[in-house]
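Keep in mind that what you see is a predicted model, and the values were worked out from it rather than measured.
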Amino acid sequence: MPRDIPPLAEVRRITEKKRDAWWTVMLVDPVATPLVRWTARYTRATPNQLTWGAFLVGLGSAACFAQGDWRWLLLGAVLYHVSFIFDCMDGKLARLTGTGSVFGAWLDFVFDRIRVLVCSIALMGGQYARTDDVLYLWLALAVASLDALRYIDSLEIFKIRHGMRKQIKARMRAARKAENQAELAFMEDLLRENPEADLETDRDTVAPLEPVAAVEATAAPGTPAATGTDAPAGTDAGAGAEAPVQVPTPRRPAVVDLHQEFRRRFPWWVRCRNFLQRHRIRAHLISGIEFQMGVFIIGPALDAVVATTVVSGALLLVFELAIIYKLLLSTRDFTRTINSFETADRFPATTSVNS
């Protein structure tokens with residue numbers, strides 16, 4: 001009996017990421033999301049089973065690559081894309097049915113790395129067997145190395161950014177000991193949740209970080225303090241009337257921008273980023289996904305393995321270097337933010353955290 005699954009529009013909202021690779025948004029989600037809804041409605045398949053399916057289809061793709069002939073390369077490219085669709089479906093199914101697990105995430109990651117390694121060896125090995133050109137052996141090593149570099153680098157950058165956020169939050173909590181103080185938010189989170197926001201004009205959506213100061217209290221409506229009248233002379237304010245209730249004035253969350261210097265140097269990038277995010281496309285245009293698709297789909301399909309591998313690898317390196325440079329500028333913003341807390345400890349009445 002079919003399970004009760006929401007309509008396709010709701011399934012898209014639940015399963016599709018707010019930001020994703022352009023290859024996924026344009027060429028995978030339109031196929032994967034309806035398939036996930038059908039799978040959840042009519043089958044008992046689990047996310048781990050889809051992960052295994054993606055891995056096995058990926059091995060089939062590698063077997064085709066190893067043949068070396070263009071017709072086999074074309075079939076291998078098609079199978080690799082099918083494998084990637086299954087690879088995206090497992091996470092979507094987990095989000096839709098609530099059946100995700102830590103082990104499933106680990107299995108998905110490991111199988112992805114094995115698939116890339118096996119396919120790179122098979123693709124370049126098949127071309128080497130056909131041409132006796134040693135260049136293909138070097139390309140196999142380069143593909144495996146770049147894939148590993150991409151994921152190691154992303155993991156380390158995530159750890160560094162998480163550490164910076166953790167330190168800033170700890171300093172903010174220490175600085176704001178009074179009750180009902182404004183919470184802390186990060187500019188990149190606000191922009192991620194509000195891709196329509198314009199940093200130059202939308203000051204309500206993206207607010208600057210306010211100075212650390214105590215929250216002002218106001219009296220509740222209807223009390224003498226609120227109405228601006230004094231209690232009658234000789235009358236005890238506590239007799240026959242409730243004492244004024246002090247209501248803290250709500251404050252907007254303080255915002256820390258760890259990409260302030262990057263945006264100052266490249267103001268055009270914010271507009272490009274917002275445009276892409278409005279279409280669910282992340283600004284990192286050439287990531288590990290696009291690199292794999294260039295090597296294992298576009299190259300074999302066009303019978304231009306060397307050219308597409310070199311171009312895809314070069315573009316991946318360019319974007320990775322850009323991310324590293326952005327991290328460098330972010331660490332400078334982090335240092336200034338931490339220093340501003342130390343200054344605020346000495347001059348609490350006049351110092352703002354946003355430098």
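M89 and Y42 are assigned to two separate hydrophobic clusters, defined by single-linkage of ILVMFWY side chains at heavy-atom distances under 4.5 Å. Note on I298: it clusters hydrophobically with V311, by side-chain heavy-atom contacts below 4.5 Å among ILVMFWY residues. With hydrophobic clusters built from ILVMFWY side chains whose heavy atoms lie under 4.5 angstrom apart, F86 does not share a cluster with L107. Under a hydrophobic clustering in which Ile, Leu, Val, Met, Phe, Trp and Tyr are joined whenever their side-chain heavy atoms come within less than 4.5 Å, directly or via other members, L302 and W23 fall into the same cluster.
Two residues are said to be in side-chain contact when any heavy atoms from C-beta on lie closer than 4.5 Å; H284 and E320 meet this criterion. Counting heavy atoms from C-beta outward, I5 and E10 have side chains that stay 4.5 Å or more apart. Within the 4.5 Å cutoff, side-chain heavy atoms of L276 are placed close to those of L285. Inter-residue side-chain proximity for Q167 and F334 is flagged as met; some heavy-atom pair is nearer than 4.5 Å. Side chains of W38 and T43 form a contact here, defined as non-hydrogen atoms less than 4.5 Å apart. Using a 4.5 Å heavy-atom cutoff, the side chains of D257 and R263 are in contact.
Taking the charged nitrogens against the carboxylate oxygens, E261 and R264 have no contact shorter than 4.0 Å, which rules out a salt bridge. No salt bridge links D147 with R150; every basic N to acidic carboxylate O contact stays at or beyond 4.0 Å. Ion pair R95/E16 not flagged as a salt bridge, since none of the NZ, NE, NH1 or NH2 atoms sits closer than 4.0 Å to an Asp/Glu carboxylate oxygen.
In this structure a side-chain-to-backbone donor-acceptor pair under 3.5 Å is missing from R37 to R12. Checked by atom type and distance alone, the side chain of D153 never pairs as donor or acceptor with a backbone atom of L149 at under 3.5 Å. At least one donor-acceptor pair closer than 3.5 Å links the side chain of S340 to the backbone N or O of T337. R3 contributes a side-chain N or O that, together with a main-chain N or O of A40, makes up a donor-acceptor pair within less than 3.5 Å. At least one donor-acceptor pair closer than 3.5 Å links the side chain of S120 to the backbone N or O of L117.
For T131 against Y136, the heavy-atom pair with the smallest separation is OG1-CE1, 3.3 Å.
With no hydrogens or angles considered, a side-chain donor-acceptor pair links R282 and S287 at under 3.5 Å. With 3.5 Å as the limit, one finds a donor-acceptor pair spanning the side chains of R115 and S83. In the model, D29 has no side-chain atom that pairs as donor or acceptor with a side-chain atom of T24 under 3.5 Å.
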- Take R280 and K18 through the test side-chain contact (heavy atoms from CB on, under 4.5 Å) and record every step on the way to the result. CA-CA 6 Å; R280 292 184 47 240; K18 291 184 177 180; over 6 Å; no

- Query: Can you check ring pair (Phe, Tyr, Trp, His ring centres under 6.0 Å) on F103 and W106, steps first, answer last?
  - Reply: CA-CA 5 Å; F103 177 77; W106 174 85; 5.5 Å; yes

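Residue L155 is found outside any hydrophobic cluster, as its side-chain heavy atoms come under 4.5 Å of no other Ile, Leu, Val, Met, Phe, Trp or Tyr. Annotation for L74: hydrophobic cluster partners, listed by chain and number, are W70 (ILVMFWY side-chain heavy atoms under 4.5 Å, direct or chained).
No more than 12 heavy-atom neighbours from other residues, nucleotides or ligands sit within 6.0 angstrom of CH2 on W52.
Proximity of the aromatic rings of Y80 and F84 is defined here by a centroid distance below 6.0 angstrom, and this criterion is not met.
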